[in-house]
**Student:** 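Quick one: structure below, then a few questions.
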Amino acid sequence: MDAVRYVHAADLHLDVAFKGAVSQFEDVSRSGRQLWEATFTALERLVRLCERERPDFVVLAGDIYNEEDHSLRAQFALRDACKRLEAHGISVFIAHGNHDPLTSRLAALEWPSNVVFFGSDVEAHPVFRNGQQIALVHGISHASSAEGRNLARFFRRNAANSCFQLGVLHCSLDDSDRYAPCSKSDLVSTGLDAWALGHVHKRQIVSKSPLIAYSGNIQGLHINEQGPKGCNLVTATPVEGGWDFEADFRHLGPVQWETVEVDLCGAKTMDEVARLLERALLRARENVAPECQVIIARVILQGNTDMDGSLHKTDALQILADQASFLTSQVPAVWIKDIRLQTRPACNPENYIERDDLVGEVARICRNMASDREKFEEFAKNRLASLFDNPRLNKLLTMPRDEMLEKILAEAERICLERLEKS
């Protein structure tokens, strides 16, 4: 048997607007266009990759578009991409997911002959090379947007066929996820040689033998989907008793989301803060792949600095972002999504605790609360009771806990100490 090569992609989410970013940059024509076109640019790169590498087939493991967006453009783009692959004799196997269930596909569109859409029952389709069957691709689609069955249990290896056998499925390996949940053991027990999965937007290899892989999405959609996004170019080489796999990641997404941390420790002027921010953003540019056109950054300012008080003033962070706006015209462009402030005053809080005045008393109270979680939670509950027990508000509000309470206490300490020092 010869090696088998295929491209595994999933979660294209064509024509989906980026959450929390498009409206922020829509007044900048070039920026807005790049955001709106990002998923289609990633699809174009996927097609070019296939035209260049000539794999034996392509699998798309669900959520190619979003049913709720009613994007005709997305379905036309997918159809036209498949036509280009047909010209090179490349088969395309498509499984529908929870965002694009079977009912969402337009029956009026004419699809090229190289495309196979899996139905609501498991199907298996052969792949040929030079007249010889080299693979059998099994797959199933979500019948509705609320598919809750364990679809993996419907798969079985074709025992009469010794060629490479691949499963295509949009599923979750997390039992708490309501969309087609299954387990790793469910997949392994089918006897298939490999699995091309969709639904999880983070690329990961769940198992090397059999190969069970999520390719992740081809374009990150929000700040929690950071880093390069793309597809897997998989080579399955026959070895004694099975297959050896090489899953080569290929970068497709033109827009990359990143968190950029800026250490302001020792900064004594706002000019220094601006310079440190600029350097951190330039480093972020240097670390992305050449294919990246735009970086959308969440900036976190941290460290002990004399500028802590100034940074908490109204519009200070927006002014800093404006100072770095020249980076939006470079390649790759760097856009600041938001700036999070986690700085502290330059003076070590421990120095306050030893003081025999009101400042020291406040510092000691805050330290005691931070060290006794139960006492602090009880204190917070009592002080906030009038707000959270209000019959008009209690259905809308939830008492903050754990990390949020710690942030509230730290911010309260900072404000109190800063104002007392100035009084």
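Any value given below was found using the heavy atoms of this structure, including those in side chains, with hydrogens, waters and symmetry copies removed. This structure is a prediction, so every number in the text was calculated from the model and none was measured.
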**Student:** Any non-hydrogen side-chain atom of Ser144 less than 4.5 Å from a side-chain atom of Thr103?
**Tutor:** no
**Student:** In this structure, which one of His201, His99, Gln219 forms a side chain to side chain donor-acceptor pair (under 3.5 Å) with His13?
**Tutor:**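 Of His201, His99, Gln219, side chain to side chain donor-acceptor pair (under 3.5 Å) with His13 is met by His201 alone.
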**Student:** Consider ring-ring contact (aromatic ring centres under 6.0 Å, His included). Of Tyr214, Phe155, Phe245, which one does Trp195 pass it with?
**Tutor:**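 Testing Trp195 for a ring-ring contact (aromatic ring centres under 6.0 Å, His included) against Tyr214, Phe155, Phe245 leaves exactly one candidate, Phe155.
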**Student:** Indicate whether the side chain of His88 and that of Glu86 have a donor and an acceptor atom separated by less than 3.5 Å.
**Tutor:** no
**Student:** Could you check Val334 against Gln330 for side-chain contact (heavy atoms from CB on, under 4.5 Å), going step by step and ending with a plain yes or no?
**Tutor:** CA-CA 8 Å; Val334 181; Gln330 300 189 8; over 6 Å; no
**Student:** So do Ile296 and Val255 actually touch side chain to side chain, heavy atoms under 4.5 Å?
**Tutor:** yes
**Student:** Could you tell me if Ser104 and Tyr65 have a donor-acceptor pair between their side chains, going purely by distance under 3.5 Å?
**Tutor:**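 Distance-only check passes for Tyr65 and Ser104.
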**Student:** Inspect the contact between Arg250 and Asp248 and indicate whether a charged nitrogen and a carboxylate oxygen are less than 4.0 angstrom apart.
**Tutor:**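 Answer for the salt bridge query: yes.
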**Student:** Below 4.0 angstrom, N of the basic side chain to O of the carboxylate: do Arg298 and Glu258 qualify?
**Tutor:** no
**Student:** Check whether any side-chain heavy atom of Arg340 sits under 4.5 Å from a side-chain heavy atom of Val299, and report yes or no.
**Tutor:**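 No. Closest side-chain heavy atoms not under 4.5 Å.
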**Student:** Is a salt bridge present between Glu44 and Arg84, judged by a nitrogen-to-oxygen distance below 4.0 Å?
**Tutor:** yes
**Student:** Would you indicate whether the side-chain heavy atoms of His199 and Tyr179 approach each other to under 4.5 Å?
**Tutor:** yes
**Student:** Determine, for Arg344 against Asp308, whether the closest basic-nitrogen to carboxylate-oxygen distance falls under 4.0 angstrom.
**Tutor:**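 Looking at Asp308 together with Arg344, the answer is no, because their closest N to O distance does not fall below 4.0 Å.
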**Student:** Is it the case that the ring center of Phe118 lies less than 6.0 angstrom away from the ring center of His96?
**Tutor:** no
**Student:** Would you say Leu109 and Gln75 make side-chain contact, with heavy atoms under 4.5 Å?
**Tutor:** yes
**Student:** Arg203 side chain to Pro228 main-chain N or O, any donor-acceptor pair under 3.5 Å?
**Tutor:**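 A pair under 3.5 Å: no.
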**Student:** Distance alone, cut at 3.5 Å: any donor-acceptor contact between the side chains of Asp263 and Gln302?
**Tutor:**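 No, Gln302 and Asp263 have no side-chain donor paired with an acceptor closer than 3.5 Å.
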**Student:** Verify, without hydrogens or angle tests, whether Trp257 (side chain) and Gly220 (backbone) share a donor-acceptor contact under 3.5 angstrom.
**Tutor:**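 Yes, the answer is positive, given that a donor and an acceptor are paired below the 3.5 Å cut-off.
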**Student:** Please determine whether a side-chain nitrogen of the Lys or Arg among Glu291 and Arg48 lies less than 4.0 Å from a carboxylate oxygen of the Asp or Glu.
**Tutor:**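 No, Glu291 and Arg48 are not salt-bridged.
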**Student:** Identify which one of His142, Arg178, Glu67, His170 satisfies the side chain to side chain donor-acceptor pair (under 3.5 Å) criterion when paired with Asn98.
**Tutor:** His170
**Student:** Is there a donor-acceptor pair under 3.5 Å between the side chain of Asn114 and the backbone N or O of Ile90?
**Tutor:**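 Yes; judged by distance alone, with no hydrogens or angles, the pair exists.
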**Student:** For Asn150 and Asp186, does a side-chain donor sit closer than 3.5 Å to a side-chain acceptor?
**Tutor:** yes
**Student:** May I have the step-by-step check of side-chain contact (heavy atoms from CB on, under 4.5 Å) for Leu46 and Leu60, ending in yes or no?
**Tutor:** CA-CA 11 Å; Leu46 174 63; Leu60 302 179; 4.2 Å; yes
